[in-house]
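Worksheet: the structure to be examined is printed underneath.
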Amino acid sequence: MASGNPEERRHRETSATAICVPARNEAALLPRFLKALTAQDDPNAFVLCLLLDTCTDDSEAIVAAHCNGVPFEIVTRKSVADSAPNAGRARAAAMDLGIETVGPDGILLSTDADSVPAPDWVAANLAALEMADVVVGRIDRSGGIPSPAQDRIEAYYDGLARLRRVLDPLPWESAQPHHYTSAASLACSAETYLALGGFEPVPAGEDARLVDTAHRLGMRVRRDGAVRVETSARRDGRARGGLADHLRDMDRTGGASARMAHPEDVAWRYARHAVARAGWSNVDTAASVLAAAVGRSEEEVHAAASVAPNAEGFAMQVVPDIPGGERLVDLPTAEAALAALLARHAGAVA
């Protein structure tokens, strides 16, 4: 089902941006999602590319009923899986549909059918992409049972993001940073997506893998708190190992199962990334000083510089793992250590 065909739409200004969404049996939530897209500041500025992933409910009929009543175009494709559900494979198929629709010069926005993008979500993503290669939006949980343990975890990671702004400030970073990565709000150009190799066909974590690759390649990754999506806090999610599974674990353990890298170890890495970026333009003459600062040999510094595409890529490659490895600690220990670090930098943390 499609409103127009991809070849025709590729040449239209209104189809320069594709919202790419995999949907698996989301009949109950699709009307809410489509309503949120209709409420976008400029609902004519994008085309919705919807991958109906082995749906056995009324998802297809619901989309068909809305197709002529929304101000944006809808392109759909059905997939019939011959194996277990796979979030990475479905998301990659949705992105492929987006590239076919808007072409290799278009923009791809990823989200989920159980999500509610803020009215300025499309506009905020496009504005952020003027400053970065990959934009990761903030995810707010809504509905369902509250999760105090998850609230604490998210507050902790937001604190880490604020600390990084002090220790490792980046020109493309948002004034409202956050730490999480989710394909429920992920944006990049089609060219960037292809350069990253696309989403891997893994059951969960395909979004984190894609963004990790962007970091390794020296791309500008902007985690922007002004780009917002509400997503369902349900405990019966579609992706194994996804948010629903995590929330059930938090319900069961009250957060006692959570383990995170000690914030002092994370801060160690942040500070050395900043040193490496600053030294990128003068690697040849300052290799010995840089090597001592980041804990590498001069040979390793030169080797990293020879293959790094830019300062960001150099920083990601040359900074080693912390000696002895990062300490994994429970949430109360991590919170207390982070509070001490933030207090130490209180004059600089916004």
Side-chain angles (χ1 to χ4, degrees), residues 17-24 46 49-51 53 79 85-115 117 121-122 124-126 128-129 131-139 157 161 164 170 172-174 177-225 227-229 231 237-243 245-246 273 308-310 312-313 315-317:
T17 298
I19 297 178
C20 308
V21 181
R24 184 179 178 84
F46 57 85
C49 295
L50 190 64
L51 189 283
D53 182 26
S79 71
N86 184 288
R89 182 172 58 237
R91 199 172 297 281
M95 298 292 270
D96 289 346
L97 179 59
I99 294 172
E100 291 175 25
T101 302
V102 301
D105 297 325
I107 299 296
L108 307 178
L109 308 184
S110 169
T111 190
D112 292 323
D114 68 341
S115 296
W121 181 70
V122 172
N125 268 304
L126 296 179
L129 283 172
M131 297 169 274
D133 301 302
V134 178
V135 176
V136 186
R138 184 180 183 89
I139 309 302
Y157 279 117
R164 181 173 185 173
L170 300 170
W172 57 85
E173 191 173 55
S174 168
H178 63 89
H179 192 276
Y180 275 96
T181 299
S182 174
S185 184
L186 195 62
C188 62
S189 68
E191 180 181 13
T192 293
Y193 177 76
L194 293 171
L196 291 171
F199 287 115
E200 296 183 30
V202 292
E206 75 284 355
D207 39 17
R209 291 189 183 204
L210 188 82
V211 175
D212 285 347
T213 300
H215 281 298
R216 289 196 302 272
L217 295 180
M219 293 184 180
R220 300 165 299 168
V221 177
R222 179 183 175 94
R223 289 181 171 83
D224 195 337
V227 179
R228 305 185 75 94
V229 165
T231 197
R238 304 291 184 258
R240 183 177 301 174
L243 177 61
D245 285 353
H246 175 74
H273 282 160
N310 51 34
E312 175 71 4
M316 294 300 107
Q317 293 180 39

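A quick note: this is a predicted structure, and the numbers were derived from the prediction, not measured.
Nearest heavy-atom pair, Gly98 versus Cys49, reported as atom, atom and distance to 0.1 Å: CA-SG, 3.7 Å. Smallest separation of non-hydrogen atoms from Val229 and Trp121: CG2-NE1, 3.2 Å. Shortest non-hydrogen contact noted between Pro309 and Gly313 is CD-CA, 4.2 Å. When every heavy atom of Thr111 is checked against every heavy atom of Ala184, the shortest pair comes out as OG1-O, 2.6 Å. Between Val135 and Ala132, the shortest heavy-atom contact is CG2-CB, 4.5 Å. Heavy-atom minimum distance, Ser174 versus Arg223: CB-O, 3.6 Å.
Between the side chains of Ser79 and Asp53, at least one donor-acceptor pair of N or O atoms lies under 3.5 Å. Of the N and O atoms on the side chains of Arg138 and Ser182, not one donor lies less than 3.5 Å from an acceptor on the other residue.
Note that CD of Glu312 is 7.0 Å distant from NE2 of His215, once rounded to the nearest 0.5 Å. With rounding to the nearest 0.5 Å, the separation of OG in Ser185 from CG in Asn125 is 5.0 Å. We find the CG-OG1 distance between Leu186 and Thr181 to be 8.0 Å, quoted to the nearest 0.5 Å. In this structure, Thr101 OG1 and Phe46 CZ are separated by 14.0 Å, a value rounded to the nearest 0.5 Å. Atoms CG and OG1, on Leu108 and Thr17 in that order, are 8.5 Å from each other to the nearest 0.5 Å. Atom CG in Asp96 sits 5.5 Å away from atom CD1 in Ile99 (nearest 0.5 Å).
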List the atom pairs, donor and acceptor, that lie under 3.5 Å between side-chain atoms in residues 187-200 and the rest of the protein, sequence neighbours left out.
| from | atom 1 | to | atom 2 | distance (Å) |
| --- | --- | --- | --- | --- |
| Ser189 | OG | Thr192 | N | 2.9 |
| Ser189 | OG | Thr192 | OG1 | 3.0 |
| Tyr193 | OH | Phe199 | N | 3.0 |
| Glu200 | OE1 | Arg209 | NH1 | 2.7 |

Legend entry - Ile19/Val21 under side-chain contact (heavy atoms from CB on, under 4.5 Å): CA gap, chis, key distance, verdict: CA-CA 6 Å; Ile19 297 178; Val21 181; 3.8 Å; yes

Inset, instruction - Using the side-chain contact (heavy atoms from CB on, under 4.5 Å) rule, take Val102 and Ile107 through it: C-alpha gap first, then chi angles, then the decisive distance, then the call. - result: CA-CA 8 Å; Val102 301; Ile107 299 296; over 6 Å; no

Inset, instruction - With side-chain contact (heavy atoms from CB on, under 4.5 Å) as the test, would you mind laying out the steps for Trp172 and Met219 before giving the verdict? - result: CA-CA 10 Å; Trp172 57 85; Met219 293 184 180; over 6 Å; no

Inset, instruction - Kindly determine whether Leu170 and Arg220 satisfy side-chain contact (heavy atoms from CB on, under 4.5 Å), including the steps that lead there. - result: CA-CA 9 Å; Leu170 300 170; Arg220 300 165 299 168; over 6 Å; no

Inset, instruction - Check the pair Arg91, Ser110 against side chain to side chain donor-acceptor pair (under 3.5 Å), reporting the backbone distance first and the verdict last. - result: CA-CA 8 Å; Arg91 199 172 297 281; Ser110 169; 3.3 Å; yes

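Between the side chain of His178 and the backbone N or O of Val136 there is at least one donor-acceptor pair closer than 3.5 Å. Looking at Asp112, its side chain never comes within 3.5 Å of a backbone N or O of Asp114 through a donor-acceptor pair. Judged purely by atom type and a 3.5 angstrom limit, Arg222 has no side-chain atom pairing as donor or acceptor with the backbone of Met131.
Considering only residues two or more places apart in sequence or on other chains, His179 meets the ring-ring contact (aromatic ring centres under 6.0 Å, His included) condition with Tyr157.
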